[in-house]
Amino acid sequence: MKNSKIPCIKVSGAHQIELTTTEINNPLSNETVVKVTRGGICGSDIHYYQEGGVGSFNLKHPMILGHEVVGYLENKKQAVAINPSKPCLQCQYCLNGKSNQCLNMRFFGSAMLTPHVDGGFAKYILVRNDQIIPYQDNIPSRVMVFAEPLAVAIHAVNQAGSLVGKKVLVTGCGPIGSLVVAACKQAGAIEIIASDIQEACRKIGMKMGATSTINPLEQNEHYFTDKGYFDVTFEASGANEAINFAIDATKATGTIIQIGMSKNNLSVPLTKFLAKEITYKGAFRFTDEFNIAVRWLELGLIDPLPLLSHEFPYQEVEKALQIAGDKNVAIKVQLNFEEQL
């Protein structure tokens, strides 16, 4: 496949997206070429398109977008999910089972390193063999492409410890927050309340397994009495107000798992936080949870399709990104790479 012109989607700056071509090298002994069938647009893809970067990582040259992709091994007709993480497998974190903290991580579609690491929004991609997770061919690609965000959700749940019989709050019901709701239900939480300022997101939270929802802008002080109501809170929005709400609503000695990222300086009531002896933990990407996510989707333990709001052929990527960036109309947008030019 060396020297073949492979269609791909590259971003080079804010609102600079193009359908172009790339080349891939002939695979090494530990690599395989995968034909991509479906890609999910993530928040980071939207940031690269809208702003030309994510956080402090700005584009310095064109980069292929995308890290939520599935496809198949063409020579074997085997459907496969692609783990976008490519850890070094040699640093202290990798050797201790914490590959999400790899010192030399190469993650699909990331401008953290220069040269940037190309993503998976291409008709064919070259991946390391340990990134390939086969799955049953009867599972639709639109379902299995949720494996990556579901892995993020499962990792967050694992950070909290046992949820059996626990009362849980999830703040922010976008794709990740809603998948956290579903994962909490699978993990045995007895009550799951989904919080979001948008009614459409709250409705999705209910479809994904929440027992009830709240609008954080309304009167919810009853959750603050007796030093809080929830055993565990998963904060998936990154909003300062949501973090403060979580500190008030989480029980003394309870746990807050921070998933959502924020670009802004945060104002946290530190005295209240420490006086309640709250455990505050971050949740970043995933390790073995990607394999677990594939199996959960394969077994039908979670139905992610309530989150799927739009599908486009990959040739309409700019329109797809524009819609994905409008949270008033979109939850999760997918690109179909099986469409022909």
Side-chain angles (χ1 to χ4, degrees), residues 6-11 15 17-20 34-50 64-72 74 77 79-84 108-109 119-125 133 135-153 173-179 181-182 198 200-201 203-208 290 293-294 296-298 300-341:
I6 297 168
C8 68
I9 296 166
K10 285 189 177 182
V11 62
H15 301 284
I17 193 84
E18 65 174 336
L19 284 173
T20 183
V34 174
K35 185 174 183 180
V36 174
T37 56
R38 178 85 42 161
I41 293 177
C42 175
S44 63
D45 301 317
I46 296 170
H47 283 298
Y48 281 124
Y49 170 67
Q50 292 182 339
I64 299 176
L65 274 180
H67 59 264
E68 300 176 14
V69 291
V70 297
Y72 65 86
E74 203 165 17
K77 300 297 182 183
V80 293
I82 306 300
N83 187 333
F108 273 13
F121 285 176
K123 291 283 281 186
Y124 292 89
I125 56 175
I133 312 297
Y135 67 91
Q136 296 175 11
D137 291 348
N138 63 327
I139 308 300
S141 60
R142 62 169 54 91
V143 170
M144 191 53 70
V145 81
F146 278 95
E148 195 276 345
L150 178 56
V152 173
C173 293
I176 295 297
S178 294
L179 288 168
V181 167
Q198 294 186 327
C201 290
K203 288 180 177 178
I204 292 294
M206 287 296 294
K207 290 181 179 180
M208 295 303 291
F290 188 89
V294 172
W296 280 21
L297 293 170
E298 198 173 42
L301 298 180
I302 284 179
D303 176 14
L305 291 184
L307 298 172
L308 179 56
S309 57
H310 298 79
E311 301 173 80
F312 293 92
Y314 75 92
Q315 297 92 336
E316 297 181 23
V317 60
E318 185 153 23
K319 181 179 179 182
L321 283 164
Q322 289 170 349
I323 289 179
D326 185 351
K327 297 309 177 185
N328 292 315
V329 298
I331 300 294
K332 173 60 76 171
V333 177
Q334 292 181 1
L335 298 173
N336 186 351
F337 284 85
E338 294 184 289
E339 296 285 342
Q340 299 299 311
L341 283 168

Side chain to side chain contact (heavy atoms under 4.5 Å, CB included) evaluation trace for Ile9 with Leu19:
CA-CA 5 Å; Ile9 296 166; Leu19 284 173; 3.6 Å; yes
Please step through side chain to side chain contact (heavy atoms under 4.5 Å, CB included) for the pair Glu68 and Phe108, ending with a clear verdict.
CA-CA 9 Å; Glu68 300 176 14; Phe108 273 13; over 6 Å; no
Salt bridge (Lys or Arg N to Asp or Glu O under 4.0 Å) for Glu338 and Lys35? Distances and angles first, verdict last.
CA-CA 9 Å; Glu338 294 184 289; Lys35 185 174 183 180; over 6 Å; no
Can Thr20 and Cys8 be said to form a side chain to side chain contact (heavy atoms under 4.5 Å, CB included), step by step?
CA-CA 6 Å; Thr20 183; Cys8 68; 3.7 Å; yes
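Applying the side-chain contact (heavy atoms from CB on, under 4.5 Å) test between Phe146 and each of Asp303, Ile302, Leu308, Val294 identifies Leu308 as the sole match.
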Identify all side-chain donor-acceptor contacts of residues 37-44 below 3.5 Å with residues at least two apart in sequence or on another chain.
from: Thr37; atom 1: OG1; to: Val70; atom 2: O; distance (Å): 3.3
from: Arg38; atom 1: NH1; to: Glu311; atom 2: OE1; distance (Å): 2.6
from: Arg38; atom 1: NH1; to: Gln334; atom 2: OE1; distance (Å): 3.1

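Put simply, the side chain of Pro304 reaches to within 4.5 Å of the side chain of Leu297, judged on heavy atoms. No side-chain heavy atom of Leu179 sits under 4.5 Å from any side-chain heavy atom of Val152. With a 4.5 Å cut-off on side-chain heavy atoms, Tyr72 and Val34 do not count as touching.
Of all heavy-atom pairs spanning Leu335 and Pro313, the tightest one is CD2-O, 4.2 Å. Contact record, His67 with Asp45: ND1-OD1, 4.4 Å, taken as the closest heavy-atom pair. Contact between Ala324 and Ala330 at its shortest, heavy atoms only, is CA-CB, 4.0 Å. Taking each heavy atom of Glu318 and His15 in turn, the nearest pair found is OE2-O, 4.2 Å. Closest approach of Leu321 to Leu65, counting heavy atoms only: CD1-CD1, 4.2 Å. Minimum interatomic distance between Phe121 and Phe337 (heavy atoms only, all atoms of both residues): CA-CZ, 3.5 Å.
For Asn336 (side chain) and Phe312 (main-chain N/O), no donor-acceptor pair under 3.5 Å exists by modelled atom type. Checked by atom type and distance alone, the side chain of Ser178 never pairs as donor or acceptor with a backbone atom of Met208 at under 3.5 Å. In terms of modelled atom types and a separation under 3.5 Å, the side chain of Glu298 and the main chain of Ile139 share no donor-acceptor contact.
The CZ atom of Arg142 sits 14.0 Å away from the CG atom of Leu307 when rounded to the nearest 0.5 Å. In this structure, the separation between CD1 on Ile133 and CD1 on Ile82 is 8.5 Å, given to the nearest 0.5 Å.
Environment of NZ in Lys327: crowded, with over 12 heavy atoms of neighbouring residues, nucleotides or ligands closer than 6.0 Å.
For the residue pair Asn328 and Gln198, a side-chain donor N or O sits within less than 3.5 Å of a side-chain acceptor on the partner.
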